[in-house]
**Student:** 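I'd like to ask you about the structure that follows.
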Amino acid sequence: MADVRDIMELDQPVTPELTRESIIGSDKLKKRTFSTTKTQRRPEGMHREVFALLYSDTKDAPPLFPSDTRMRRPRKWEWMPFTNPARTDSAVFYHWRRPSDGPKEYPFAKFNKKIDIPTYTDAIYQQHLQTEGWTKEETDHLMDLARRFDLRFIIMADKYDTEKYNKRSIEDLKERYYKVSGILAKSSGERKVYHYDADHERRRKEQLKRLYDRTPEQIEEEQFLINELKKIEARKKERERKTQDLQKLISQADSQADHLRKADKKIPKKKLANPTRPSRVDTSHILQAVETAGIKFPDYKNSGVSLRSQRMKLPANVGQKKSKGIEQLLQEMEMELNPIPTEEVCQHFNELRSDMVLHMELKAALTSCEFELQSLRHQYEALSPGKTLTIPPQLLSSTTENDGMKLSGNPEIIDVVGSPGTPSGAGT
Amino acid sequence: MSASGMLYGGDEIGALVFDPGHHSLRVGYAQEDTPKAEIPAIVGIAPNDTPKIEPETKEGNTITQSPWKYYIDTTYLHTPRPNMELHSYMKDGMIENWDFFEKVVDYSYEKIIQSASEYHPVLFSESPWNQRQKREKLTELMFEKYKVPAFYLVKNAALAAFANGRSTALVIDSGATHTTAVPVLDGYVISNAVVKSPLGGDYLILRSREMLEGLGIDLTPTALVSSKEILRDKEKPKYTKKNLSFLPTNSWMVYMVKKTVQDFQQSVLQVSESPYDERLAASVPTVNYEFPTGYHQDFGYERFKLAEGLFDHAMLGAGYIAATSAGMCDVDVRPALYSSVVLTGGNSLVQGFSERLGKDLSSRTPGSMRLKMIAANGTVERRFGAWVGGSILASIGTFQQMWISMQEYQESGKAQIDRKCP
């Protein structure tokens, strides 16, 4: 309030006006009557916040309002007797309660939950439940314990009467109990019968025990082995990565070869003035590329399950051009693009396609060789006019025309792969 | 109860909780957070020299004045009296001398509770290995002599677990005469896996006393010192003894010296964090302790050497018994036990006890287990763990169906205790 007044520069009058209200004093105004001792003024230069700390706030009346809560009479509590329906007897205890709440059932009785433990008569026992190693008395004892400890088998085994009966393991008790309750459930026509596999449980616990009983040395050794395994896996991954890199390199080499082939077409024309150095190196490049051509289908060594059709998928490094070519060839041969991937089909189909690619590569190599040959011939004729270079017919492809390639040339067969030296030898 | 009648699940029926131990008997009302009284488990008995002739006779019987006078509770016990012999009514964690015990229970009702026993159901704690015959005897005593409306008996380890908010726990209870490791599963003690070691507070007192006597320190108890002078460190004590017209009995002297040494033990001893190492212990600051005679000196490595006795034993060390106890339980419950190891008992308040136990235990815990120690910070909560648990249990609404009522006792007798209170 004081701050607000300060900001608004509303100084209260030093002496409040004498009005009727101020003398008679209505409730509202009483609160707003200020003591007249507002002598302290904020010194020049002092921050308002700092002054506010000094400022005694007695001018504002304490915010007292008459509350509308009247002193109601508290409700009575009484030390009253009660009986608990969860008890088997009618023992009376006392507790504090409001009589106004009225008598009602003990609220905690509803938490008294009991597990339904199957019961049997002598006759039923004789008929169905007899088994080797268990007398009726002992079975009774087991069922009694189950009832008392709500099927907490660990406690039941702990409280088992070892004076009268042999000590039995938790699994023994469970096995017997579930067998008995299973038989009884079946005989009463229930469908859902629980089966307890005691042997499995015993084995599981034995394993768990062994796991917990490991000595620090054993744990250390295991950790060591795990680390070794990790290292091996890391190495394996590294190796895989390297093979992938290699494949990438190969595909790069492929495209490089393509590139070189394109370059071949241009270079001779440009270098017409300087023809003494024909591109001999280029051809060997081409040949190398051809040798590695074909499709390398990756081996599926990965663990886990995979579809066999995955094996027929073209590897990523096969370019669109090649796959188009394969498609075209397959269509020409009237074959399905995606045959049913049986083991054999898979293998043959992959081989076929690999061969197709090889075939295409070879064809491309051949055409480029022929092209080179022709260009060399032209160079020769240009350098020594009047002379004509007769190319031996065996160097010229005979199939090119049939294949409908653009480069119509001399119909001779050359074995590119078999004798790589031949075209270059011819060139020089 | 609130309007719904279920707020916080509590319903108080004015029950009493008794927690007998070797050091003391804790008595109080259920739903309170501390016992009303802690009465030493020692009864002083002296011949009744001044027989008063009671003017009235009861039920026409000629009452022969008891030839014995009994002294109970600290203020009575700590005063030297001629021919007053002190006796403990406990033995091996169980009530042994029922006459003395009755006197203490009488005293509790008369001076502490100050209300008639027939109005209050009674919850008693017991050691996990309590014998059937003793349990029946206690049941009989409470119903027949004290006419309690209802009675219940719970293992103190289970109560200590409840006090720490657990129903499944491995309870390490280090008391006056024993340190025990007790697995509790869903509020039931697995009695076949209880491991007990006789190393407790009394053992520390004994060792301390041997050490102090070896140093030639006068252990005269405060009760016999009338004045003393301020001395310099290790100066020979100058004090005057109280002028008694009689010689205090031997048992009283033993008890008082024990109390003196106990104070020394509680204020000086500390458990080192790792197995005792002479050089390491010597580097820790010393603690000055003044005996009732005024003699004082600094204690350094002794503090650790004495307390080490609780842990360095190969078979009885606290860490060992805890691990053994857990190892005796079914493998399926072990993780649950290790993940709530409850520490209770007055002796666990020796400085550094919980840290060392945690360390010892973690070195014995299988690596895959999560180990969690639960130790109440407050002195009261730790010393009276079982009582607090009893106080909680007896004031829970759902517990009120568990009591053995007087009616049930009259119908089925004391033998039902074994069935009703497992």
**Student:** Can you tell me which portion of B:M402 sits under 4.5 Å from chain A's heavy atoms? Options are side chain, backbone, both or neither.
**Tutor:**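 For B:M402, backbone heavy atoms alone lie under 4.5 Å from chain A.
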**Student:** As an exercise, state the distance from CD1 of B:I13 to CZ of A:F93, rounded to the nearest 0.5 Å.
**Tutor:**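 Between atom CD1 of B:I13 and atom CZ of A:F93 there are 5.0 Å.
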**Student:** Which bit of B:R419 comes within less than 4.5 Å of chain A, counting heavy atoms only: side chain, backbone, both or neither?
**Tutor:**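 Backbone plus side chain of B:R419, per the 4.5 Å heavy-atom cut-off to chain A.
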**Student:** For residues B:D330 and A:K205, determine if any side-chain heavy atom of one lies less than 4.5 Å from a side-chain heavy atom of the other.
**Tutor:**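 They are in side-chain contact.
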**Student:** Run the side-chain contact (heavy atoms from CB on, under 4.5 Å) check on A:K167 and B:N192 step by step: do they pass?
**Tutor:** CA-CA 12 Å; A:K167 195 165 171 53; B:N192 289 325; 4.0 Å; yes
**Student:** Nearest 0.5 Å, what's the CD1-CZ distance between B:I396 and A:F111?
**Tutor:**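 Output value for this atom pair is 11.5 Å.
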**Student:** Can you find a heavy atom in the side chain of B:D186 that is under 4.5 Å from one in the side chain of A:I155?
**Tutor:**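 Result no, sub-4.5 Å side-chain heavy-atom pair not found.
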**Student:** Is A:S169 in contact with chain B via its backbone, its side chain, both, or neither, using a 4.5 Å heavy-atom distance?
**Tutor:**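 Neither the backbone nor the side chain of A:S169 comes within 4.5 Å of chain B.
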**Student:** Spell out the residues in residues 174-185 of chain A that have some non-hydrogen atom less than 4.5 Å away from a non-hydrogen atom of chain B, in order of number; otherwise answer 'none'.
**Tutor:**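 Within residues 174-185 of chain A, no residue comes under 4.5 Å from chain B.
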**Student:** I want to check something: taking the side chain as every heavy atom from C-beta on, are A:R87 and B:Q400 in contact at a cut-off of under 4.5 Å?
**Tutor:**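 No, every pair of side-chain atoms sits at 4.5 Å or beyond.
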**Student:** Would you say the side-chain atoms of B:Y188 and A:D158 include a donor-acceptor pair closer than 3.5 Å?
**Tutor:**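 A:D158 and B:Y188 do not have a side-chain donor-acceptor pair below 3.5 Å.
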**Student:** Who among B:E411, B:M406, B:R334, B:M369 has the most heavy-atom pairs with chain A under 4.5 Å?
**Tutor:**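 Winner by heavy-atom pair count: B:M369.
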**Student:** Is any side-chain heavy atom of B:P335 closer than 4.5 Å to a side-chain heavy atom of A:Y212?
**Tutor:**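 The answer is yes; the side chains approach within 4.5 Å.
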**Student:** Side chain, backbone, both or neither: which part of A:D213 has a heavy atom under 4.5 Å from chain B?
**Tutor:**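 For A:D213, the side chain is the part near chain B, not the backbone.
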**Student:** So does B:E144 have more than 12 non-hydrogen atoms from other groups sitting under 6.0 Å from CD?
**Tutor:**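 Check passes, neighbour count above 12.
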**Student:** What residue, out of A:K209, A:R214, A:R148, has the most heavy-atom pairs lying under 4.5 Å from chain B?
**Tutor:**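 Top count of heavy-atom pairs under 4.5 Å with chain B: A:R148.
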**Student:** Heavy-atom count check: over 12 atoms from other residues, nucleotides or ligands less than 6.0 Å from B:E32 CD?
**Tutor:**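 It does: B:E32 CD has more than 12 such atoms within range.
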**Student:** Quick check for you: to the nearest 0.5 Å, what is the distance between A:R204 atom CZ and B:D332 atom CG?
**Tutor:**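 The CG atom of B:D332 is 4.0 Å from CZ of A:R204, to the nearest 0.5 Å.
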**Student:** If you count every heavy atom of other residues, nucleotides or ligands that lies below 6.0 Å from A:Q218 atom CD, does the total exceed 12?
**Tutor:**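 Counting neighbours around CD of A:Q218, more than 12 heavy atoms of other residues, nucleotides or ligands fall under 6.0 Å, so yes.
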**Student:** Which bit of A:K159 is near chain B, if near means a heavy-atom gap under 4.5 Å: side chain, backbone, both or neither?
**Tutor:**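 Answer is side chain: those atoms of A:K159 sit under 4.5 Å from chain B.
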**Student:** Stepwise, does the side-chain contact (heavy atoms from CB on, under 4.5 Å) test hold for B:T398 with A:N112?
**Tutor:** CA-CA 8 Å; B:T398 43; A:N112 184 29; over 6 Å; no
**Student:** Please round to the nearest 0.5 Å and tell me the distance separating atom CG of A:D89 and atom OG of B:S412.
**Tutor:**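 Those atoms lie 9.5 Å apart.
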**Student:** Verify the neighbour count for atom NZ of A:K186: are there more than 12 heavy atoms of other residues, nucleotides or ligands below 6.0 Å?
**Tutor:**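 Not more than 12 within 6.0 Å, no.
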**Student:** Check whether A:R152 reaches the backbone of B:L185 with its side chain - one donor and one acceptor, N or O, closer than 3.5 Å.
**Tutor:**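 No; judged by distance alone, with no hydrogens or angles, the pair does not exist.
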**Student:** Is a donor on one side and an acceptor on the other found under 3.5 Å between the side chain of A:Y106 and the backbone of B:Q401?
**Tutor:**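 Answer holds: no.
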